[in-house]
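A, B, ... follow the sequence lines: proteins, then strands. Residue 1 opens every chain. Every heavy atom of this structure was used, including side-chain atoms; hydrogens, water molecules and symmetry mates were not.
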4 protein chains.
Amino acid sequence: MPAHTFVPAYTINMEYNPKQLQIIAVAERLFAAKGFSATSIRDISQEADINVSMVSYYFGSKEKLIEALFEVRSRDFRTRLDVLLTDLDLSPFQRVNLMIDGIIDRITEKQCFHNIVVREQLSTDGRTPVISKLLQELKLGNLKAMENIIHEGQKLGVFRNDVDVLLLSTTLFGTINQALSTKSFYRVVYGLEQLSEEEQESHMKEKLRIHLKKLFRGMLTTELNDAVSS
Amino acid sequence: MPAHTFVPAYTINMEYNPKQLQIIAVAERLFAAKGFSATSIRDISQEADINVSMVSYYFGSKEKLIEALFEVRSRDFRTRLDVLLTDLDLSPFQRVNLMIDGIIDRITEKQCFHNIVVREQLSTDGRTPVISKLLQELKLGNLKAMENIIHEGQKLGVFRNDVDVLLLSTTLFGTINQALSTKSFYRVVYGLEQLSEEEQESHMKEKLRIHLKKLFRGMLTTELNDAVSS
Amino acid sequence: MPAHTFVPAYTINMEYNPKQLQIIAVAERLFAAKGFSATSIRDISQEADINVSMVSYYFGSKEKLIEALFEVRSRDFRTRLDVLLTDLDLSPFQRVNLMIDGIIDRITEKQCFHNIVVREQLSTDGRTPVISKLLQELKLGNLKAMENIIHEGQKLGVFRNDVDVLLLSTTLFGTINQALSTKSFYRVVYGLEQLSEEEQESHMKEKLRIHLKKLFRGMLTTELNDAVSS
Amino acid sequence: MPAHTFVPAYTINMEYNPKQLQIIAVAERLFAAKGFSATSIRDISQEADINVSMVSYYFGSKEKLIEALFEVRSRDFRTRLDVLLTDLDLSPFQRVNLMIDGIIDRITEKQCFHNIVVREQLSTDGRTPVISKLLQELKLGNLKAMENIIHEGQKLGVFRNDVDVLLLSTTLFGTINQALSTKSFYRVVYGLEQLSEEEQESHMKEKLRIHLKKLFRGMLTTELNDAVSS
DNA sequence: AATGAATGAGGTTTCATTCAT
DNA sequence: AATGAATGAAACCTCATTCAT
């Protein structure tokens with residue numbers, strides 16, 4: 001092998017070229033639909049209309065491909081998160097509502113990736129340390145952001161003090177994820193079969209927004225006493 | 001019992017023999033840990049200490065094995081669900097709290113199966129009609145049970161009338177699923193590394209119970225007005 | 001294993017009990033339809049409504065089963081052949097025609113077995129010495145019988161002297177086999193689709209009889225001169 | 001050429017590359033010797049000195065391999081058939097003799113393939129629609145060609161009018177097939193053990209030619225009256 | 001830079017057979 | 001005498017990856 005030229009694309013490794021991004025996009029869709037193991041490199045290369053060997057060529061391996069996918073998408077999120085919450089001058093409830101809207105939008109927008117994230121979280125033997133680390137950071141970032149908002153509200157005396165932010169965040173993400181993954185059940189129950197895919201999605205998003213805002217309001221508002229004895 | 005004509009047991013009746021149940025149990029654990037596709041029949045047979053061909057022998061195929069798994073566990077759930085909620089003479093809130101406890105117990109008890117269920121729900125191209133149908137029934141049963149309880153509370157004037165039961169159920173299951181799938185993150189954040197597996201789990205369950213009961217109380221209680229305008 | 005009782009059925013090996021004959025009958029049908037290798041013991045046991053292990057139990061192996069099949073059917077033929085041709089007082093042509101009728105009847109009657117015989121003959125690496133030997137004897141018997149009849153006709157000056165009996169026999173059996181194996185093509189060409197299976201078969205048999213008798217007459221009759229120069 | 005999307009060559013066009021043709025050649029020999037089912041992909045790949053997975057790679061499956069085999073060989077025949085019979089200016093008998101020679105040559109030349117064809121015809125549940133169709137076309141082509149020749153002879157008053165062309169064709173192919181499949185018996189009977197394989201074959205071919213030409217002459221010649229009463 | 005032919009490991013499944021009962 | 005649970009080998013096929021070009 002001619003050594004001077006055999007520096008495979010994937011060793012450059014921080015910037016991805018258009019072809020790589022295209023492959024990542026296709027892989028994202030398929031991994032979301034069928035799962036990582038059930039998706040073959042042939043599936044991907046077929047849908048992306050590229051040669052089978054391109055995945056290995058560009059990423060080194062299938063494993064590395066999903067790592068690249070996580071790297072790219074994680075970066076997206078990190079950037080978007082901070083922007084949303086720090087600049088504006090808003091009341092705590094407005095801020096919470098904005099956060100809820102932001103997260104719903106973000107997740108529904110990148111539904112495929114979130115689907116993959118959920119799958120990865122389910123895996124006991126984490127796919128790979130790289131992904132585990134990225135996921136951990138992602139989740140920690142989310143948690144810190146929410147903590148900031150809520151602590152601010154608490155300092156202002158608007159929010160209760162006994163708020164379990166982790167569980168609240170768990171409810172927020174859990175509800176959205178659950179809603180998305182049972183979309184078809186949702187359609188049946190609400191009788192939305194005649195609506196288009198998009199109409200149905202925006203319908204569900206709207207309902208979700210209202211539901212989660214009400215929920216957060218209930219959990220954060222001071223007047224509620226905590227007498228919950230089963 | 002696999003007969004001489006190779007008609008596996010489950011096509012005759014719905015009884016599985018001890019060996020089959022053992023295989024199902026092993027498969028359940030592995031499918032939960034790695035996913036269906038990533039789990040090979042060899043993995044299963046190795047852990048179950050049986051011959052590779054026994055899976056095909058007892059179930060016909062890997063596909064049929066997971067179907068059997070769903071059939072067995074679904075049956076468990078159906079039976080347990082009704083019992084819990086119909087007989088006792090309780091207040092609406094007591095009933096709701098009992099339901100929450102019941103569902104938390106049920107899911108944490110059959111964590112592996114629930115993990116698999118979540119994975120299946122994520123799959124766009126449902127593994128197989130058999131499983132889709134069972135899942136649909138399961139979810140419908142859950143929803144109906146919750147509707148019964150809440151409607152009763154509404155008739156008694158204890159609960160608000162504008163409750164979206166489907167979304168509430170989504171939050172309930174979504175929160176529990178999310179909590180379980182991010183268990184290790186939970187451990188890090190709460191600094192529970194020194195606790196044993198079981199101690200940690202019961203700690204989390206306890207927190208979950210309180211959180212969800214508070215949450216339901218907030219969403220169902222009448223005094224809360226619904227002014228949530230972002 | 002208790003030695004005194006473990007003399008498996010198949011070692012007795014000259015007489016077959018009803019169960020064995022039933023298995024042989026089913027195997028015959030399936031081997032004819034799909035070939036030996038393509039027919040599994042499970043296929044056989046399913047159709048015969050017996051346990052899978054019965055084939056090994058009664059015959060020792062699948063291989064031995066087909067040997068048994070050949071033994072049983074070969075015996076049938078040997079007995080039937082001689083009877084037909086030696087006793088009656090007939091003209092040579094009458095005798096030839098009787099032979100043709102007899103062979104057509106015999107083959108169509110035991111079509112499955114003949115199908116298997118043809119398959120075996122095609123196999124370069126003869127299934128097993130046992131079968132090769134039986135087949136050889138069978139063919140030799142057929143040839144001798146035909147030689148007897150023809151030599152007698154020659155002695156009487158009714159038949160030509162330059163008859164190649166082997167090739168004539170080849171034509172006789174080859175034509176019948178070919179006709180049977182292209183039965184469905186025959187049906188299409190003659191437009192017999194509306195006839196029942198049996199009607200069609202008797203139609204074909206009748207045509208075959210006439211054709212072959214005419215053919216033999218042509219080949220055996222003296223007046224034809226042999227000037228065949230391409 | 002198997003493209004990156006794993007669409008094997010033959011689905012794009014009907015050209016097979018040298019490697020594929022080599023595999024087909026090996027498969028042809030083994031299928032002829034042992035039958036389709038009894039021949040494993042391992043057998044083929046071993047004899048062809050290629051990797052086991054190449055068969056699936058080049059043809060998709062074992063099933064598709066035999067289909068490819070039939071496609072290639074069928075094409076051969078179709079082209080050769082017409083050429084032979086249309087151009088020359090010959091007497092009807094010359095033409096028939098030429099046809100007989102041609103068919104004998106063709107079959108002995110492609111003996112393996114013909115062996116496989118005979119096996120396929122014997123299968124009640126035709127291997128696959130593709131093969132059934134090709135076989136049907138092949139047989140129909142043969143029949144039409146023979147009909148043309150014979151009808152011409154009839155128009156010229158040289159051949160009898162009551163000729164059953166289908167049965168005559170059955171006899172022609174049946175005799176050749178039978179002769180080839182009982183080659184070893186033929187050797188024993190004629191005492192040709194000391195001859196080489198090729199010498200023996202040409203000996204048999206010569207005998208076959210004479211036999212079949214005489215036979216056709218007898219069946220087609222007008223003077224023979226049809227008094228065949230058993 | 002990119003291809004596609006080729007590989008070998010490993011996947012699921014089917015097979016004939018055995019063995020304890 | 002007969003069963004059926006269980007086995008291990010081998011079947012076909014798919015997989016991710018490599019390598020020469």
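For the side-chain hydrogen bond (donor to acceptor under 3.5 Å, both in side chains) test, residues two or more places apart in sequence or in another chain that qualify with C:Glu67 are C:Thr128. Under the rule for a side-chain hydrogen bond (donor to acceptor under 3.5 Å, both in side chains), the partners of C:Asp43 that lie at least two apart in sequence or sit in another chain are C:Lys34, C:Ser40. Applying the side-chain hydrogen bond (donor to acceptor under 3.5 Å, both in side chains) criterion to B:Thr39, with sequence neighbours excluded, gives no partner residue. When the ring pair (Phe, Tyr, Trp, His ring centres under 6.0 Å) test is applied to A:Phe36, the partners found at least two apart in sequence or on another chain are A:Phe31. In this view, B:Arg73 and B:Glu28 satisfy the salt bridge (charged side-chain N to carboxylate O under 4.0 Å, His left out) rule, not counting sequence neighbours. In terms of the side-chain hydrogen bond (donor to acceptor under 3.5 Å, both in side chains) criterion, residue partners of B:Arg29 (sequence neighbours excluded) are, by chain and number, B:Glu47. A search for salt bridge (charged side-chain N to carboxylate O under 4.0 Å, His left out) contacts involving C:Lys19 returns nothing, not counting sequence neighbours.
With DNA chain F read from its 5' end, the first of the two nearest nucleotides for C:Met54 and D:Glu63 is the one closest to C:Met54. Ranked by how close their nearest DNA chain E nucleotide is to the 5' end, C:Ser53 and B:Val52 are led by B:Val52.
Distance A:Leu65 CG to F:dT17 P: 10 Å, rounded to the nearest Å. Taking atom CZ of C:Phe59 as the reference point, atom C1' of F:dA2 lies 15 Å away to the nearest angstrom. The distance from atom NZ of B:Lys64 to atom P of E:dT12 is 15 Å, rounded to the nearest whole Å. Following rounding to the nearest Å, C:Gln46 (CD) and E:dA16 (P) show an atom-to-atom distance of 13 Å. B:Ile23 has its CD1 atom 12 Å from the P atom of F:dA5, to the nearest Å. Computed from coordinates, the A:Ile50 CD1 to F:dA16 P distance equals 13 Å when rounded to whole Å. In this structure, the OH atom of B:Tyr16 is 16 Å from the P atom of F:dA5, given to the nearest Å.
OP1 or OP2 of F:dA1 has not a single side-chain nitrogen or oxygen of C:Tyr58 nearer than 4.0 Å. For B:Tyr57, no side-chain nitrogen or oxygen approaches OP1 or OP2 of F:dG4 to under 4.0 Å. Within the 4.0 Å cut-off from OP1 or OP2 of E:dG4, at least one side-chain nitrogen or oxygen of A:Asn51 is found.
Residues from residues 28-45 of chain B placing a heavy atom under 4.0 Å of any atom in DNA chain E, listed by number, are B:Thr39, B:Ser40, B:Ile41, B:Arg42.
In plain terms, the two heavy atoms of C:Ala27 and C:Leu65 that are nearest each other are CB-CD2, 3.8 Å.
If you take CD1 on B:Ile41 and CE on B:Met54, they are separated by 12.0 Å, rounding to the nearest 0.5 Å.
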Secondary structure of DNA chain F in dot-bracket form (Watson-Crick or G-U wobble, distances below 3.5 Å, | marking inter-strand pairs):
.||||||||||||||||||||

